[in-house]
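Working notes, beginning with the structure itself.
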Amino acid sequence: MSDSPDKAHRDFIRDIIDEDLASGRHQSIVTRFPPEPNGYLHIGHAKSICLNFGIAREYGGRCHLRFDDTNPSKEEQEYVDSIQEDIRWLGFDWGEHLYFASDYFEQLYDWAVQLIRDGKAYVDEQSAEEIRQTRGSLTEPGTPSPWRDRPAEESLDLFTRMRAGEFADGERVLRARIDMAHPNLNLRDPVLYRILHAHHHRTGDRWCIYPMYDYAHGQSDALEHITHSICTLEFENHRPLYDWFIDNLPVPARPRQYEFARLNLTYTVMSKRKLLQLVREGHVAGWDDPRMPTLSGLRRRGYPAESIRNFCATIGVTKYQSTNDFVLLENAVRDVMNRTAARRMAVLDPIRVTITNYPEDQVEEMEVANHPEQESAGTRRVPFCRDLYIERDDFLEEPPKGYFRLSPGAEVRFRSAYFIRCQEVVKDATGTVVELRCTYDPDTRGGQNPPDGRKVKGTIHWVSARHAVEAEVRLYDRLFSAENPDAGEGDFLDHLNPGSLTVLKGCRLEPALGSAEPGEAFQFERLGYFCVDARDSRPGAPVFNRTVGLRDSWAKAQK
RNA sequence: UGCCUCGUGGUGUAACGGUAGCACGACAGAUUCUGACUCUGUUUGUUAAGGUUCGAAUCCUUACGAGGCAGCCA
C-alpha cells in the first residue's frame, strides 16, 4: 500500500501563520531547517523537519535547507551528506533551496563593519576568561570592557586586521555594544565574531574569523526571506538579540523567531554530544546502529519513514516540555508495518519436529497468503515435509492453563499446513527437548478445519527443515534501561541496557526469505517485524534486524 | 534569589468565554488459520486560592510546581 496522506494537525505555530496570512503580513510562507553539520540527524530533528517542511507543503510555500556552518572546528562534510540523505529519506525536498550560512560570510562581515561604524559594535581585547568574569551573574549586572568605548575607527582597523589574520585565536573578539546590565545575559554585549584559524569544509582557509550563531542566524533568515524562523525552546532568551540585529541592520526582510519544545523520548538520550560519545566510545556500532535514535539508525532498524512522520504528527507541537512514551513511536511503526509488510514464517529458536505419519520423501508446496487483509499482496508457496522446525517456546511439556500451543497429546494448527498432534517428546541426556514426534491429519490440508468439526485454539508457525534458510537475527531492545537516562545521580552511561542487543544464530527461515533484498521488511508471523540488515546481510548469509515485536498479550498475561 | 517560558487523565494532545474530546497505555470482553490486526466497553484529568462574568481549562491577580539562560557552541 502506498503512503497514506499524513494526518492533518494544528498547533500554535500554524495558528500564527494563519493570522499572518489573514492580516496580510505575509503573502507566502518560507521556513527553514538549519542543522549544524556536526553530527547525524536524530528523531528529534525529524520533529523539526516535519514541522518546517510540513508547513511549507501545507501552505504552498517553501522550506530551505540551510547548514549552520559557522564553527569549522566541529563540522565536517560527512555530516552534510548524511543530513541530506536523511531528510530525503524522511520524504522531504528542499528543491533548489540548499544554502550554507558560510555563503553569507562576506555580507555578514560587511554588516559587522556597519555596526562598528554605527557605534553598535567594538573590538574587545579581553580574554575569554575576562569576558566571562565581567559578564556579571544571573542577579548582578556585568561591568563594561575597558575597550567598550574605543573609537569606531580603532575597532574598524582591528576588525580588518582580525580578518587579515594578524591575531592568534582568542586574542580579539568583536562584540555588540548593547547593555552590560541587561537582565537577559544574551544582551550583555554578546560576541559577534571570534578568531578561529581552522579549515572550513566549504570556505577552506579563506576566513580566520567566524560569526557566532546569534549574529549569523537571523541575518541568514533575512537574506533568504524566511518568514517564520522556528527553533527550539532554549533559544527563547535569544529572541531579543535576534530582533536587535534585525532592527539595527539594513536587512532585506523581517523574519520572526518562534520556539517550540524539542522532542524527548523515554529510554533515550537525544543530545548530539551524548550520541557522539556512544559512537566514539564504542557503546554502539556507529551512528547507524539500529539501537540509535538517529534517523540512519532507525532506518537500518527498519522504521518506515512514514511511521516517523505519523509519530511526529501525533505528538504535536507545543511549548510544553513533555516526554513522549517510546511505545508511541513503536505503535506508529506497527501501524504502518502491519499494513505494508509481507508475512513470512521464521523460527528463531528452532526445535525439531518429525511428522511420523507423513511420507518420508514427500514434499508439498503449501500456498500461503502474503497478507491476511490484502488479497492483492498475493500468495507464495512454502514447502512442507516430514522434517520441520517450530519455535522452542511454542512447546511446553507442562502447559499452564490457557496455553494454546503444542504440548504432549495436544493438537494445534501449523499455519496454512495441517493440524498436528504431539505424540512423543525426545530429550537428550541433559533433559533438553531435542525433538517432537508428531502426527498430522491429512483432512486438514492448508490448515482447514477437518470435516468432523474439530477445532484447535492454537495456530503456530513452522519451517521445513530440509528447505530452510539459515540466518542470523538480531533482536534489539531499548538502549537504556532507565526511563530518563539523564536524570538522577551518575552518568547516563550507567543506564545502558546490557541486553539491548541479542544476536541469534542458526535461525531457520522459510525459503522465500533467502532472496530478500537489503532493507526489505517483513512480518515474521507471530514474532514481529524484521528487515534485512542493509550493512551486514549477504546472499547466502542473511542477517535480519527485529524492527519491533508484535504485541503479545499472552506473554503479558504470564507476568 | 534576575530575566524568559510552561502547568489539562498514567503519557501526550485538543477545546481560542458556552457539553472537557482524541490518541497511546491499562483493564474487561468479542472476533480470529498470527495469543497479531480489528471491534466493543470501562477507568482516570483542567496545580491551588481568589477575582471578572449569566457562564472560566480559557481572561486578571497571587501562590505553588517544572524548565531554560552566565561558550570566543549551536
Side-chain angles (χ1 to χ4, degrees), chain A residues 9-12 15 34-36 38 68 70-71 73-75 124 126-129 131-133 135-142 169-175 182-188 190-196 209-210 212-214 216-217 231-240 259 261 266 272-273 314-328 330-332 334-335 338-339 343 345 368-369 372-373 402-405 412-417 419 444 446-449 455-461 523-528 549-557:
Chain A
H9 39 277
R10 299 297 316 167
D11 53 65
F12 75 99
D15 288 344
E36 183 190 11
N38 69 341
D68 238 326
T70 56
N71 186 355
S73 62
K74 294 162 67 176
E75 297 155 5
D124 197 351
Q126 293 181 111
S127 68
E129 175 66 7
I131 288 177
R132 190 180 65 76
Q133 282 174 350
R135 187 156 18 232
S137 72
L138 295 176
T139 52
E140 297 159 324
D169 290 4
E171 283 187 348
R172 298 288 187 284
V173 84
L174 183 71
R175 298 177 73 178
H182 202 284
N184 181 339
L185 289 312
N186 294 125
L187 280 292
R188 316 245 261 231
V191 170
L192 269 45
Y193 273 89
R194 75 288 215 190
I195 299 172
L196 239 37
I209 58 172
Y210 291 92
M212 298 289 290
Y213 165 86
D214 282 315
H217 200 86
C231 62
T232 44
L233 249 26
E234 68 269 26
F235 293 103
E236 230 159 11
N237 290 342
H238 294 243
R239 186 169 3 111
E259 310 87 14
T266 53
K272 277 202 241 180
R273 200 205 97 231
T314 56
I315 60 173
V317 177
T318 67
K319 298 186 76 132
Y320 178 67
Q321 297 180 39
S322 56
T323 299
N324 286 277
D325 201 327
F326 199 86
V327 303
L328 207 56
E330 293 188 324
N331 188 269
R334 289 196 191 97
D335 188 53
N338 177 49
R339 289 193 336 252
R343 312 290 128 124
M345 290 197 284
V368 183
E373 282 138 16
Y403 188 79
F404 300 159
R405 282 109 99 149
V412 299
R413 183 193 338 264
F414 276 28
R415 179 124 167 116
S416 302
F419 278 28
T444 58
Q448 297 303 315
N449 287 332
K455 286 189 174 163
V456 289
K457 283 292 262 188
T459 297
I460 67 175
H461 60 279
Q523 184 196 101
F524 289 179
E525 293 218 33
R526 304 205 308 130
L527 297 176
L550 252 29
R551 262 199 207 81
D552 188 346
S553 59
W554 170 248
K556 199 162 61 178

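First the proteins, then the strands, lettered A, B, ... as listed; each starts at 1.
With centres under 5.5 Å and a plane angle under 30°, the ring of A:Trp554 is stacked against the base of B:rG35.
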At a cut-off of 3.5 Å, list every protein nitrogen or oxygen paired with a nitrogen or oxygen from nucleotides 37-41 of chain B, distance to 0.1 Å.
| unit_1 | atom_1 | unit_2 | atom_2 | d |
| --- | --- | --- | --- | --- |
| B:rC37 | OP1 | A:Arg551 | NH1 | 2.1 |
| B:rC37 | O2' | A:Asn338 | ND2 | 2.9 |
| B:rC37 | O2 | A:Glu373 | OE2 | 2.9 |

Could I get a table of every N or O pair under 3.5 Å where one atom is in the protein and the other is in nucleotides 27-31 of chain B?
none

Taking only N/O atoms, report every protein-nucleotides 4-7 of chain B pair under 3.5 Å with atom names and distance.
| unit_1 | atom_1 | unit_2 | atom_2 | d |
| --- | --- | --- | --- | --- |
| B:rU5 | O2' | A:Glu236 | OE2 | 3.4 |

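Computed from coordinates, the A:Arg415 CZ to B:rU32 C1' distance equals 10 Å when rounded to whole Å. To the nearest angstrom, P of B:rG71 lies 11 Å from CD of A:Gln133. Rounded to an integer number of Å, the gap from A:Arg273 CZ to B:rG71 P is 16 Å. Spacing between atom CZ of A:Arg10 and atom C1' of B:rG21 amounts to 18 Å, rounded to whole angstrom units. Between the CG atom of A:Asp214 and the C1' atom of B:rC72 there is a distance of 12 Å, rounded to whole Å. When rounded to the nearest whole Å, the span between CG of A:Leu185 and P of B:rC3 equals 12 Å. Following rounding to the nearest Å, A:Arg172 (CZ) and B:rC72 (C1') show an atom-to-atom distance of 14 Å. We find that CZ of A:Phe235 is positioned 14 Å from P of B:rG68, with the value rounded to whole Å.
Qualifying salt bridge (charged side-chain N to carboxylate O under 4.0 Å, His left out) partners for A:Arg415, counting only residues two or more places apart in sequence or in other chains: A:Glu525. In this view, A:Arg132 and A:Glu129 satisfy the side chain to side chain donor-acceptor pair (under 3.5 Å) rule, not counting sequence neighbours. Here A:His217 pairs with A:Tyr213 under the ring pair (Phe, Tyr, Trp, His ring centres under 6.0 Å) rule; sequence neighbours left out. When the ring pair (Phe, Tyr, Trp, His ring centres under 6.0 Å) test is applied to A:His238, the partners found at least two apart in sequence or on another chain are A:Phe235. Here A:Phe524 pairs with A:Phe530, A:Phe544 under the ring pair (Phe, Tyr, Trp, His ring centres under 6.0 Å) rule; sequence neighbours left out. A:Glu171 is linked by a salt bridge (charged side-chain N to carboxylate O under 4.0 Å, His left out) to nothing, counting only residues two or more places apart in sequence or in another chain. For A:Arg239, the side chain to side chain donor-acceptor pair (under 3.5 Å) partners at least two apart in sequence or on another chain are A:Glu259. With sequence neighbours left out, the side chain to side chain donor-acceptor pair (under 3.5 Å) criterion links A:Asp169 to no other residue.
Side-chain N/O atoms of A:Thr318 include one lying less than 4.0 angstrom from OP1 or OP2 on B:rU13. Phosphate proximity of B:rA74 to A:Arg194: present, with a side-chain N or O under 4.0 Å from OP1 or OP2. Taking only side-chain nitrogens and oxygens, A:Arg135 comes nearer than 4.0 Å to OP1 or OP2 of B:rG71. The shortest distance between the side-chain N/O atoms of A:Asn184 and the OP1/OP2 oxygens of B:rC69 is not below 4.0 Å.
More than 90° away from 0 lies the glycosidic angle of B:rG65, which makes this nucleotide anti.
Annotation: side chain of A:Tyr193 is not in contact with side chain of A:Val173 (no heavy-atom distance under 4.5 Å). Taking 4.5 Å as the limit, every side-chain heavy atom of A:Asn237 sits out of range of all side-chain heavy atoms of A:Leu185. A 4.5 Å side-chain heavy-atom check between A:Phe419 and A:Asn449 finds at least one atom pair inside the cut-off. Side-chain atoms of A:Pro190 and A:Asp214, non-hydrogen and from C-beta on, never get closer than 4.5 Å to each other. Here the side chains of A:Ile131 and A:Asp124 are in contact, with some heavy-atom distance below 4.5 Å. The shortest side-chain heavy-atom distance between A:Leu550 and A:Gln523 falls under the 4.5 Å cut-off.
Shortest non-hydrogen contact noted between A:Thr70 and A:Ala216 is CG2-CB, 3.8 Å.
When heavy atoms are screened at a 4.0 angstrom cut-off, A:Ser127 is found touching base atoms of the nucleic acid. At a threshold of 4.0 angstrom between heavy atoms, the contacts of A:Gly402 include nucleobase atoms, whether or not backbone atoms are also involved. Among the heavy atoms of the strands lying under 4.0 Å from A:Tyr403 is at least one base atom, whether or not backbone atoms are also near. Contact annotation for A:Glu259: no contact, since no heavy-atom pair falls under 4.0 Å across all strands. Note on A:Glu129: nothing from the nucleic acid sits closer than 4.0 angstrom, heavy atoms only. As judged by a 4.0 angstrom heavy-atom cut-off over every strand, A:Glu36 is placed among residues touching the sugar-phosphate backbone only. The residue A:Pro240 sits apart from the nucleic acid: no heavy atom pair falls under 4.0 Å. Residue contacts for A:Asn38: at a heavy-atom cut-off of 4.0 Å it reaches no nucleic acid atom on any strand shown. Across all strands, A:His238 comes closer than 4.0 Å to base atoms (heavy-atom distances).
With B:rC24, B:rG12, B:rA74 as the candidates, the nucleotide lying closest to the side chain of A:Val327 is B:rC24. Nearest to the side chain of A:Lys74, among B:rC73, B:rG35, B:rU11, sits B:rC73. In this structure, of B:rU13, B:rG35, B:rA36, it is B:rU13 that holds the atom nearest to the side chain of A:Ser322. The side chain of A:Ile131 approaches B:rC72 more closely than any other nucleotide in the set B:rC72, B:rU34, B:rG35. The side chain of A:Arg405 sits closest to B:rG35 out of B:rG35, B:rG68, B:rU34. Here B:rA36 is the nucleotide among B:rC69, B:rC73, B:rA36 with the atom lying nearest to any side-chain atom of A:Ser553. Closest to the A:Thr70 side chain, of the nucleotides B:rU34, B:rG71, B:rA74, is B:rA74. Closest approach to the A:Val173 side chain among B:rU11, B:rG12, B:rC72 is made by B:rC72 (side chain taken as heavy atoms from C-beta onward).
Between the side chain of A:Asp169 and the base of B:rC72 there is no donor-acceptor pair of N/O atoms closer than 3.5 Å.
Remark: RNA chain B forms stems of 3 or more consecutive Watson-Crick or G-U wobble pairs, all pair distances under 3.5 Å, at B:2-7 with B:64-69, B:10-13 with B:21-24, B:26-30 with B:38-42, B:47-51 with B:59-63.
Distance NZ/A:Lys74 to NZ/A:Lys272: 8.0 Å, rounded to 0.5 Å.
Comparing B:rG45 with B:rC59, their P atoms sit 23 Å apart, to the nearest whole Å.
When each of A:Gln126 and A:Gln448 is assigned the nucleotide of RNA chain B bearing its nearest heavy atom, the one mapping closer to the 5' terminus is A:Gln448. Both A:Ile315 and A:Leu328 sit near RNA chain B, but only A:Ile315 has its closest nucleotide nearer the 5' end.
When atom types are taken as modelled, the side chain of A:Arg188 and the backbone of A:His182 share a donor-acceptor pair closer than 3.5 angstrom.
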